[in-house]
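Since the structure comes first, as structure tokens, the remarks are kept for the end.
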Protein chains: 2
Amino acid sequence: MAPKTRPTYSVIAKTAGVSEATVSRVLNQDESVHPDRAKRVLEAVEKLGYKKNRVASALASGRTGLIAVVIDDDLSVFADPFYGTVTSGVSRVLMENGLQTVLMVSPVGSLEGSVAHYLESGEVDGAIFFALHSDVLVNKLKKQGLPLVITGTPHSTSDVAFVDTDNFGGAYTATKHLISQGCKKVAIITGDIGTTAAKQRLDGYLQVYRETGHVPAKGLICEGDYSFETGKALTEKLLATHPDVDGIFACNDLMAMGAITVLQDRGISVPEQVRVIGFDDSMIAQTSRPALSSIRQDVVALGEAAGSLMIAQLNGEDFEPVILPTELVLRGSA
Amino acid sequence: MAPKTRPTYSVIAKTAGVSEATVSRVLNQDESVHPDRAKRVLEAVEKLGYKKNRVASALASGRTGLIAVVIDDDLSVFADPFYGTVTSGVSRVLMENGLQTVLMVSPVGSLEGSVAHYLESGEVDGAIFFALHSDVLVNKLKKQGLPLVITGTPHSTSDVAFVDTDNFGGAYTATKHLISQGCKKVAIITGDIGTTAAKQRLDGYLQVYRETGHVPAKGLICEGDYSFETGKALTEKLLATHPDVDGIFACNDLMAMGAITVLQDRGISVPEQVRVIGFDDSMIAQTSRPALSSIRQDVVALGEAAGSLMIAQLNGEDFEPVILPTELVLRGSA
DNA sequence: TAAGCCTGTGAAAGCGGTTTCTTAGGGCGT
DNA sequence: ACGCCCTAAGAAACCGCTTTCACAGGCTTA
């Protein structure tokens, strides 16, 4: 239990017979130290089982080696594997660069929340945002010079680095596919319309209609929130107003499953009578029956891209927004 | 971009007309400061938009306010909502106590990996482990006096705090239920048998057999790894050796779904011919058709319990291992 | 051979808080 | 009134590492 006091530079320096400055140089791969001295230091480090105190190091250097991953939502969203997966991608890239990931899941809301305080307290070298509902905090932090990456497209145009999935394209492809399969009346169940991703998916859907010269009938556009229950509820409402609907594009797999559940409960067969396409190509899409056709986004790649963008910024390199392609994965439901 | 230099104690002290020591006292709720002076300090803080530098604070006080959540596996496990959910529970409790969560997902393996280095570098006040495959690092850290919590039962008996789900009881209940429904030949598809949780679930299953005086036929115990694909593969193998199996207890929902998929593909109806029960009661259990009966574990509560145990340790309070109950949720599959 | 340059190294000044040690008063007892 | 104890608040040491600055000594150049 005794919090054994760990050795410090002072001890290393003494055992190696050099100054603390030299110890620091060796431990930070400063090439200018004579190999012999460096060797002595390394031996002392080895012998004493020395581990650098990162906190002290951070204070002196101004670099903490921590990057915050901020998910602007309450913790329940973590039930959706999306965030876990994307975070894992981020984490991998950061680790390769000697950085650690600090996870924060909390509604960002105001400029005064605990997230805001934390990010401004100098404890992180940068922050990566997900599911951002507002840009105010981001803009403030940006002004303070904190390296930032946004996953998803920012609401306002600014010069913040961001990476996103091609939401528009994915939605376009899904909708187009439904129509090419003969669907005459395609509905959309959107995600949380407060996010840019949901808006872009809706745009992709509308674009298809636009090209056909039609306008989707009122009621075909159902505003959802990415949850299973909402998927069910909206589908029931949809069937009430448009019993002749023959295609549904749900903006995530969970809602798509909600739709399928309701359809099957009513004896409406999928895909014979109504075709359904989801978004995410999650595990659920693969395990469901019929297996769900879905727009795949490479979630790990998304996280990795976000991580890389952060690294680039920290190195002062140039960077461009990254938009990752999507792919339609056809299974039984459409 | 200009990394605007933030105010320090020195500035606050000057504007408030007090010493830095007093500033520190006020900002750390030391009661012994005269209300008038305290007010002056607070006003200065407010006026200057001061945010405490946590790194400096950590160095001086020896407390970083960070708790590591270590998941001993590669990042792919994050596709399983379990970890995200449990982490969110941990995070909530910690935040309420002014602590932040540092997430590390990496095979812990040796004592020399980056996780080990990080935990020994003094950057965290404590660590919470998940899916631990080995106890060596834990024991080492324990010796160094780092507060630790293990989620899941430790392999070796030691005095490390842990919280766990009643795996044994859950498995027992599931198996018992299958038999009470008339199943004569119940198979189990286990999880990664390297974890104690998987072993305990297997034990619960075996206990039911033991009580009936029988021994499960060879081949009824299928060693899995929690993945959908493995669930499918093992079920096929199972059907080959035991075509008359009439009950399957899968140690997670994903594998249960794999089993159901294979069964249905062969025209074997669930639950009429084979009853299936999963474990976790995840989203998949609710969305599948037939909906999957499953053993629910309160994952968020698990995380919260782990967080609370950590807090208790940090406060030097006593603590007991926590075992959370499970519940059988009956749906269509059994 | 003297002046000018590197180069490797040590001394020391931070980084921005926390905490111990000290001291100046104020209240109280006799 | 005098001495003692207690309290509020400042001075300064310190946490452990980084980084600037200065310096000695060896080399080059004229």
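By convention in this document, chain letters (A, B, ...) are assigned in the order of the sequence lines, proteins followed by strands, and residues within each chain are numbered from 1.
- For the side-chain hydrogen bond (donor to acceptor under 3.5 Å, both in side chains) condition, the pairs that include at least one residue of residues 10-19 of chain B, sequence neighbours left out, are S19(B)-T22(B).
- Relative ring orientation between Y83(A) and F130(A) is described as perpendicular, the plane-to-plane angle rising above 60° on a 0-90° scale split at 30° and 60°.
- Between dA9(D) and R37(B), a contact under 4.0 Å exists linking OP1 or OP2 to a side-chain N or O.
- Without hydrogens or angle criteria, S91(B) side chain to S88(B) main chain gives no donor-acceptor distance under 3.5 Å.
- Regarding contacts with the backbone of dG10(C), a side-chain N or O of S19(A) is found under 4.0 angstrom from either OP1 or OP2.
- With sequence neighbours left out, N53(B) forms a side chain to side chain donor-acceptor pair (under 3.5 Å) with no residue at all.
- Take S24(A) and apply the side chain to side chain donor-acceptor pair (under 3.5 Å) test, not counting sequence neighbours, and it matches N28(A).
- Scanning for side-chain contact (heavy atoms from CB on, under 4.5 Å) contacts around Q313(B) gives K142(B), P147(B), V149(B), A161(B), F319(B), with sequence neighbours left out.
- With rounding to whole Å, Y9(B) atom OH is found 14 Å from dC15(C) atom C1'.
- Distance alone, capped at 3.5 Å, is enough to place a donor-acceptor pair between the T196(A) side chain and the T153(A) backbone.
- Following rounding to the nearest Å, E123(A) (CD) and dG16(C) (C1') show an atom-to-atom distance of 14 Å.
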Under 3.5 Å, N/O pairs linking protein and nucleotides 24-28 of chain D:
none

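- Rounded to whole angstrom, the span from the CD atom of Q29(B) across to the C1' atom of dT18(C) amounts to 14 Å.
- A search for side-chain contact (heavy atoms from CB on, under 4.5 Å) contacts involving D135(A) returns L132(A), N139(A), P154(A), H155(A), S156(A), not counting sequence neighbours.
- For D192(A), the side chain to side chain donor-acceptor pair (under 3.5 Å) partners at least two apart in sequence or on another chain are H133(A).
- Axis angle across the helix from dT1(C)-dA30(D) to dT30(C)-dA1(D), with five pairs used at each end and values rounded to 10°: 40°.
- As a whole-Å value, the separation of E31(A) CD from dT7(C) P is 14 Å.
- A close approach under 4.0 Å does occur between a side-chain nitrogen or oxygen of Y50(B) and OP1 or OP2 of dG17(C).
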Any N/O pairs under 3.5 Å between the protein and nucleotides 19-24 of chain C? List them or say none.
{"residue": "dT19(C)", "atom": "OP1", "partner": "R63(B)", "partner atom": "NH2", "Å": "3.2"}
{"residue": "dT20(C)", "atom": "O4", "partner": "R25(B)", "partner atom": "NH2", "Å": "3.2"}

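- Listed by residue number, there are no residues of residues 38-46 of chain B with a heavy-atom contact under 4.0 Å to DNA chain D.
- With sequence neighbours left out, V93(A) forms a side-chain contact (heavy atoms from CB on, under 4.5 Å) with N97(A), E304(A), S308(A), I311(A).
- Counting only distance, with no hydrogens or angles, the side chain of D125(B) and the backbone of R63(B) share no donor-acceptor pair below 3.5 Å.
- For L59(A), the side-chain contact (heavy atoms from CB on, under 4.5 Å) partners two or more places apart in sequence, or in a different chain, are V55(B), A56(B), L59(B).
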